[in-house]
Q: 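Handing you a structure now.
None of these values were measured; they are calculated from a predicted model. Whatever order the structure lists them in is the order used to number ligands and atoms, beginning at 1.
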Amino acid sequence: MRHFLTLKDLSTTELSTLIQRAIVLKRMHKDGEVYEPLKNKVLAMIFEKSSTRTRVSFESAMIQFGGGSIFLSPNDTQLGRGEPIEDSARVISSMVDMVMIRTFEHKKAEQFSQFSTVPVINALTDDYHPCQLLADMQTYVEHRGSIDGKTVTWVGDGNNMCHSYINAAEQFNFNLKIATPKGYEPDELIVASSGANVTLFSNVNDAAYQSDLIVTDVWASMGQEEEQKKREAAFSAFQVNKEVMSLANKDALFMHCLPAHRGEEVSEQVIDGPQSVVWDEAENRLHAQKALLEFLSANG
Ligand code: CP
Ligand code: NVA
């Protein structure tokens with residue numbers, strides 16, 4: 001049985017096959033082809049944090065695949081009343097075919113997977129957001145072809161998305177330049193344990209130079225709301241704007257996992273401009289996760 005807690009749970013070959021499959025599934029969907037490989041299958045979706053894209057894409061994916069999903073929030077389940085994660089994992093996985101979990105500590109997702117009898121998907125933890133990377137990689141391939149050997153620049157917080165970009169750099173073989181303010185670098189262990197070509201910068205312009213893809217994310221992630229003001233001050237020189245994009249290669253793309261704060265981590269001109277592919281990126285959550293669900297159920 002396979003889980004998908006980080007990008008490292010799949011091999012490079014499996015990931016590349018999955019991206020190609022996502023592109024095929026997207027075409028089939030657009031052509032109106034009915035394809036129901038998960039008929040009568042159920043996905044449990046545990047959300048301890050808010051979501052728009054992740055929830056809509058997983059629910060739609062399950063419906064389109066002929067199955068169904070159950071939305072579980074801590075407010076209306078025993079998870080919110082302290083039922084041990086091990087017990088919840090045993091019970092929930094005994095009744096469904098796959099589980100998706102969005103939570104705080106990454107350890108919690110790992111713990112859930114250890115006691116689950118079905119595949120578990122990480123739909124974002126404080127440390128990683130691997131599903132988003134599947135969509136990002138699909139989007140790059142669709143617009144520009146292979147990302148192998150290209151240069152990607154991460155601007156902003158060394159957060160869950162940044163960590164998944166570090167994993168992606170290793171798995172998809174691109175160079176990753178990370179620009180963060182001091183004190184907001186990605187986790188040292190994740191950087192050190194990565195076989196990827198990762199370089200840390202404290203200046204956005206140096207990191208953006210001759211890049212093929214510029215990516216950013218919010219300055220304060222879910223769970224860090226009370227740090228918003230402090231972070232606005234620390235990150236003020238880390239906005240992706242026209243000047244930053246002009247240092248990258250001419251055909252560079254801009255991505256953001258969304259939700260975005262225009263005027264903070266990205267200027268309106270950039271996110272709503274010609275180099276931005278954020279809407280394709282968001283839509284691809286559906287197609288990439290369909291490929292993931294199909295893969296995990298075949299290997300489940
Ligand atoms: N990008 C992303 O995961 O969005 P949601 O928080 O809306 O699911
Ligand atoms: N880093 C953000 C990503 C949201 C999809 C967060 O964790 O809130």
Side-chain angles (χ1 to χ4, degrees), residues 4-7 22 43-62 69 71-74 99-109 121-140 154-168 178-181 184-187 190 213-228 230-232 234-235 238-240 253-262 264-266 271 276-290 292-293:
F4 185 63
L5 300 187
T6 77
L7 285 176
L43 173 73
M45 309 195 305
I46 301 169
F47 278 100
E48 297 196 326
K49 290 176 175 172
S50 306
S51 168
T52 296
R53 280 143 287 270
T54 305
R55 180 176 177 182
V56 175
S57 54
F58 270 113
E59 277 197 33
S60 300
M62 286 307 294
S69 62
F71 176 79
L72 299 165
S73 90
V99 178
M100 182 235 84
I101 180 163
R102 168 170 285 198
T103 187
F104 291 86
E105 304 84 11
H106 188 71
K107 246 186 114 189
K108 213 163 163 182
I121 297 168
N122 172 7
L124 183 146
T125 61
D126 288 344
D127 292 344
Y128 296 101
H129 195 6
C131 288
Q132 183 68 51
L133 262 291
L134 297 179
D136 287 21
M137 294 299 101
Q138 180 188 347
T139 308
Y140 190 88
W154 175 267
V155 179
D157 192 15
N159 63 11
N160 44 10
M161 276 296 298
C162 180
H163 293 155
S164 282
Y165 260 93
I166 294 171
N167 288 166
I178 299 173
T180 67
Y184 294 95
E185 294 88 356
D187 185 289
I190 295 174
L213 168 64
I214 309 256
V215 195
T216 191
D217 187 12
V218 290
W219 290 340
S221 284
M222 289 182 276
Q224 299 173 330
E225 289 78 7
E226 74 292 348
E227 292 178 33
Q228 178 68 29
K230 179 180 136 204
R231 284 173 170 264
E232 275 175 28
F235 285 84
F238 288 79
Q239 183 187 78
V240 179
L253 297 175
F254 171 77
M255 291 192 199
H256 188 312
C257 63
L258 306 178
H261 294 179
R262 286 169 176 77
E264 289 183 28
E265 74 273 7
V266 60
I271 194 167
S276 171
V277 289
V278 297
W279 311 122
D280 290 340
E281 183 187 2
E283 182 193 323
N284 282 339
R285 293 292 303 277
L286 170 67
H287 311 297
Q289 285 157 205
K290 275 178 153 177
L292 176 67
L293 290 164

Q: With heavy-atom distances below 4.5 Å as the criterion, would you say the side chains of Met255 and Met161 are in contact?
A: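 Side chain of Met255 against side chain of Met161, heavy atoms only: no contact under 4.5 Å found.
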Q: So, 4.0 Å and heavy atoms of Leu258: is ligand 2 close enough to count as a contact?
A: yes
Q: Nearest protein heavy-atom contact for atom 3 (C) of ligand 2: which residue, which atom, what distance?
A: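 For this ligand atom, the closest protein heavy atom is Asp217 OD2, 3.6 Å.
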Q: Counting both backbone and side chain atoms, is some N or O of Lys49 under 3.5 Å from an N or O of ligand 2?
A: no
Q: Applying a 4.0 Å heavy-atom criterion (strictly less than), which segment of Asn160 is in contact with ligand 2: side chain, backbone, both, or neither?
A: side chain
Q: Sequence neighbours excluded, which residues qualify as side-chain hydrogen bond (donor to acceptor under 3.5 Å, both in side chains) partners of Arg55?
A: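 Per chain and number, Arg55 pairs via side-chain hydrogen bond (donor to acceptor under 3.5 Å, both in side chains) with Glu59.
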Q: Going by atom types only, do Thr216 and Glu265 share a side-chain donor-acceptor pair under 3.5 Å?
A: no
Q: Where does Leu124 meet ligand 2, judged by heavy-atom distances below 4.0 Å: at the side chain, the backbone, both, or neither?
A: side chain
Q: Which atom pair, heavy atoms only, marks the closest approach of Ser164 to Pro130?
A: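 Minimum heavy-atom separation between Ser164 and Pro130: OG-N, 3.5 Å.
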Q: State, with a plain yes or no, whether a side-chain heavy atom of Ile121 is found less than 4.5 Å away from one of Leu292.
A: yes
Q: Per the side chain to side chain contact (heavy atoms under 4.5 Å, CB included) rule, which among Glu105, Lys108, Arg102 passes with Glu48?
A: Lys108
Q: Does the side chain of Asp157 come within less than 4.5 Å of Phe235's, by heavy atoms?
A: yes
Q: Please find the pair of heavy atoms, one from Tyr165 and one from Leu213, that lie closest to each other, and give the distance.
A: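 Taking every non-hydrogen atom into account, OH-CD2, 4.2 Å.
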Q: In a check of side-chain hydrogen bond (donor to acceptor under 3.5 Å, both in side chains) between Asp126 and each of Lys107, His106, Lys49, which one passes?
A: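 For Asp126, the side-chain hydrogen bond (donor to acceptor under 3.5 Å, both in side chains) check succeeds only for Lys49.
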Q: Pick, from Arg102, Met222, Gln132, Glu225, the option with the minimum heavy-atom distance to atom 8 (O) of ligand 2.
A: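 Considering heavy atoms of Arg102, Met222, Gln132, Glu225, the nearest to atom 8 (O) of ligand 2 sits in Met222.
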Q: Of all the atoms in ligand 2, which lie at a distance below 4.0 Å from a heavy atom belonging to Asn159?
A: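 So the atoms of ligand 2 that pass are 1 (N).
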Q: Near ligand 1, which protein residues have a heavy atom under 4.0 Å away?
A: Ser51, Thr52, Arg53, Thr54, Arg102, His129, Gln132, Cys257, Leu258, Arg285
